Amino acid sequence: MTEAIAKKEYYSMGEVCSLTGLQPHVLRYWETRFAVLHPVKNRAGKRVFRAGDIEQVMLVKHLLYDQKYTIEGARQKLSGLRAEGQLKEERQQVMKPEMLATMRADLEALRELLIVPPARK
DNA sequence: CTTCTGACA
DNA sequence: TGTCAGTA
């Protein structure tokens, strides 16, 4: 399902927000608390998100909102997942089955948004 | 028009 | 977290 958001090279802040259902200021705030949520910026200073960055955001969102983790708790949980992932040599999956389950709804919403992008004017 | 940083509620 | 200002 990660392929669902891997159809594009780069995503803007606006796209990531509609894709994740988060407000820009929330995303920016999280950037100050999670080392893994720091997107690269282009020459103009705009954030350039990749599919992988969006996955990280989704993971943090569910840790915080669905599993009601605390910022610090989520930060530690993320560190743990990263450690496990490294032990599994391959960059296997960073997400547990249970997490994927709670993410189903969002992933389906993502699929729709990707097929029929929000009309912008 | 969209996004950004910084400041402040 | 929410909002506003002044930019780029």
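For clarity, every value in this text was computed on a predicted model and none was experimentally measured. In what follows, every chain begins at residue 1, and chains take the letters A, B, ... in the order their sequences are listed.
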Looking only at side-chain N and O atoms, does A/S12 come under 4.0 Å of OP1 or OP2 in B/dT2? no
With respect to the phosphate group of B/dT3, does any side-chain polar atom (N or O) of A/R47 fall under 4.0 Å of OP1 or OP2? no
For A/E15, is there any backbone N or O sitting under 3.5 Å from a side-chain donor or acceptor partner on A/S12? yes
Can you check whether A/T20's main-chain N or O pairs, donor with acceptor, with A/K61's side chain at less than 3.5 Å? yes
To the nearest angstrom, how far is [X] atom [atom1] from [N] atom [atom2]?
X     : N     : atom1 : atom2 : answer
A/E31 : C/dT1 : CD    : P     : 14 Å
A/R33 : C/dT1 : CZ    : P     : 11 Å
A/Y29 : B/dT5 : OH    : P     : 16 Å
A/L27 : B/dC4 : CG    : C1'   : 13 Å
A/E15 : B/dC1 : CD    : P     : 18 Å
A/F49 : B/dT3 : CZ    : P     : 10 Å
A/R28 : C/dT1 : CZ    : C1'   : 13 Å

For A/Y65, answer base if it contacts any base atom (sugar-phosphate contacts may also be present), sugar-phosphate if it contacts only those atoms, and nothing otherwise; contact means non-hydrogen atoms under 4.0 Å. sugar-phosphate
When rounded to the nearest 0.5 angstrom, what distance separates CG in A/L63 from CD1 in A/I71? 10.0 Å
d(A/L22 CG, A/M58 CE) to nearest 0.5 Å is 9.0 Å
Verdict with supporting geometry, A/V60 and A/L78, side chain to side chain contact (heavy atoms under 4.5 Å, CB included): CA-CA 8 Å; A/V60 172; A/L78 244 18; 3.6 Å; yes
Any salt bridge between A/E72 and A/R75, counting N to O under 4.0 Å? yes
Polar atom pairs (N or O), protein with nucleotides 2-8 of chain C, under 3.5 Å:
unit_1 : atom_1 : unit_2 : atom_2 : d
C/dG2  : OP2    : A/H25  : NE2    : 3.1

Bracket string, DNA chain B, 5' to 3' - pairs by Watson-Crick or G-U geometry under 3.5 Å, | interstrand: .|.||||||
Let me see the working for A/M13 and A/F49 under side chain to side chain contact (heavy atoms under 4.5 Å, CB included), right down to the final yes or no. CA-CA 7 Å; A/M13 172 57 104; A/F49 298 85; 4.2 Å; yes
Under 4.5 Å between any side-chain heavy atoms of A/V48 and A/P39, yes or no? no
Start with the C-alpha distance between A/D53 and A/Y11, add both sets of side-chain angles, then the distance that settles side chain to side chain contact (heavy atoms under 4.5 Å, CB included), and finish with yes or no. CA-CA 9 Å; A/D53 295 322; A/Y11 297 82; over 6 Å; no
